[in-house]
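All values derive from a computational prediction rather than experimental measurement. Read the numbers this way: they start at 1 and go in the same order the structure lists the ligands and their atoms.
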Amino acid sequence: MAVPLPWAWFDGDFRPLAEVRISPLDRGFLFGDSVYEVIPVFGGRVFLADAHLDRLDRSLAALRIRNPHARTAWHDIIAGLVSRNGGGSLAVYLQVTRGADAGRDHAFPDDGLAPTVFGMATPVPDPHPDRHGIRAITRPDDRWNLCEIKATALLANVLARQAAREAGAGEALLLRDGLLTEASASSVLVVEGGTVLRPPPAPAILPGTTSDAVLAILTALGIPRRDEPVSEARLRAADEIWIAAATRGVVPVLELDGRPVGSGQPGPVWARAAAAFEKLKDAGGR
Ligand SMILES: Cc1ncc(COP(=O)(O)O)c(C=O)c1O
């Protein structure tokens with residue numbers, strides 16, 4: 001597991017991570033009343049920052065948490081975490097909680113609280129070792145119905161990912177009512193007869209910044225793609241399955257529940273999309 005780098009953002013300033021202290025009355029701690037983003041940085045260049053900050057805006061608005069910073073201030077916080085921690089390839093983690101209340105009450109005060117903002121940076125390997133492909137398992141999607149909000153209350157995701165790890169797999173793909181939603185910490189794309197399918201946007205699915213970038217690449221490459229529900233049967237019969245997430249990029253799934261996906265090797269459509277995605281990273285896609 002990668003260890004976070006020494007410089008963090010907390011309470012309006014850059015500070016050593018080791019000195020950050022959060023109140024036990026913070027609603028993020030008591031209720032998971034908080035949202036987050038993980039923004040990738042490749043070779044010192046922040047990748048798709050505005051797409052992440054747009055999603056942060058939407059998550060905060062959905063939970064009626066005041067956005068404590070203007071867009072330019074968020075960019076400065078991200079840039080400061082990158083430079084203070086020495087650049088390179090990083091995951092910048094940003095978390096905003098509703099704030100610390102005077103006591104513990106499920107309902108929040110009408111006049112709001114001062115949100116708690118925390119940021120840190122963790123090194124990520126680039127190129128990522130998962131680019132050679134991973135094994136995955138399927139799990140029931142036990143999460144709540146508002147997964148479009150990137151909330152830190154992630155217990156069902158934690159248990160699904162742990163089940164994957166204990167099965168020797170790198171990800172758990174989630175099935176709800178017989179349909180693929182996404183994975184414990186990534187979006188899922190499926191290739192069927194040369195067409196790339198992604199489950200359509202829905203409250204039960206987090207809109208992925210990486211899968212959005214991959215879909216734009218497919219369009220540019222002239223590879224057919226559609227937003228379409230993917231049943232469990234279609235998932236299991238797919239020619240290729242990919243997962244997509246900020247710090248992993250786009251990764252082929254070679255085996256699902258112990259059976260090979262397609263040929264059991266990274267597929268030809270993935271190879272084209274992944275090569276173009278690497279170029280976008282090198283160009284410092286915004
Ligand atoms: C549940 C879930 N879905 C999808 C994603 C992919 O989102 P992104 O590509 O923006 O990292 C993540 C990333 O953390 C996630 O946790």
*Do me a favour and list the nearest non-hydrogen protein atom to atom 9 (O) of ligand 1 with residue, atom name and distance?*
T210 OG1, 2.6 Å

*Could you walk me through whether S211 and R198 pass the side-chain hydrogen bond (donor to acceptor under 3.5 Å, both in side chains) check?*
CA-CA 9 Å; S211 62; R198 181 176 71 165; 3.0 Å; yes

*Please state which protein non-hydrogen atom is closest to atom 5 (C) of ligand 1 and give its distance, to 0.1 Å?*
S186 CA, 3.6 Å

*Can you check salt bridge (Lys or Arg N to Asp or Glu O under 4.0 Å) on D126 and R131, steps first, answer last?*
CA-CA 10 Å; D126 182 32; R131 72 192 185 286; over 6 Å; no

*Does a side-chain N-to-carboxylate-O contact under 4.0 Å join E171 and R135?*
no

*Do E232 and T138 get their side chains close enough for a donor-acceptor pair, meaning under 3.5 Å?*
no

*Can you pull out the closest protein heavy atom to atom 10 (O) of ligand 1? Residue, atom name and distance to 0.1 Å, please.*
T209 OG1, 2.6 Å

*Which atoms of ligand 1 have any heavy atom of A244 under 4.0 Å away?*
6 (C)

*Among protein heavy atoms, which lies nearest atom 15 (C) of ligand 1, and at what distance?*
A185 C, 3.4 Å

*Taking both backbone and side-chain atoms of E182, is any N or O found less than 3.5 Å from an N or O belonging to ligand 1?*
yes

*Aromatic rings W9 and H69: how do their planes relate, parallel, tilted or perpendicular, breaks at 30° and 60°?*
perpendicular

_Is there a polar contact, in the sense of an N or O pair closer than 3.5 Å, between H52 and ligand 1?_
no

*When you look at CZ of R236, are more than 12 heavy atoms from neighbouring residues, nucleotides or ligands closer to it than 6.0 Å?*
yes

*Please examine the side chains of D227 and L215, heavy atoms only from C-beta on, and report whether any two atoms are closer than 4.5 Å.*
yes

_Side chain or backbone, does R55 bring an N or O within less than 3.5 Å of an N or O on ligand 1?_
yes

*Is any N or O atom of K150, backbone or side chain, closer than 3.5 Å to an N or O atom of ligand 1?*
yes

*asked:* Nearest 0.5 angstrom please: R139 CZ to N157 CG, how far?
replied: 12.0 Å

*Qualifying residue, where the test is side chain to side chain contact (heavy atoms under 4.5 Å, CB included) with L94 and the options are V35, I39, V117*: I39

*Report the part of A51 (side chain from C-beta onward, or backbone N, CA, C, O) that has a heavy atom under 4.0 Å from ligand 1; answer both or neither where that applies.*
neither

*Check whether any side-chain N or O of R27 sits under 3.5 Å from a backbone N or O of T97 as a donor-acceptor pair, and report yes or no.*
no

_Contact (N/O only, under 3.5 Å) between A246 and ligand 1_ = yes

*G208 neighbourhood, listing ligand 1 atoms whose heavy-atom distance to it stays under 4.0 Å*: 7 (O), 9 (O), 10 (O)

*asked:* List ligand 1 atoms under 4.0 Å from S187, heavy atoms only on the residue side.
replied: 4 (C), 5 (C), 6 (C)

*Under a heavy-atom criterion of less than 4.0 Å, does A183 contact ligand 1?*
yes

*Side chain, backbone, both or neither: which part of C147 comes within less than 4.0 Å of ligand 1 when only heavy atoms are counted?*
neither

*For ligand 1, which atoms have a heavy atom of L206 less than 4.0 angstrom away?*
2 (C), 3 (N), 4 (C), 5 (C), 12 (C), 15 (C)

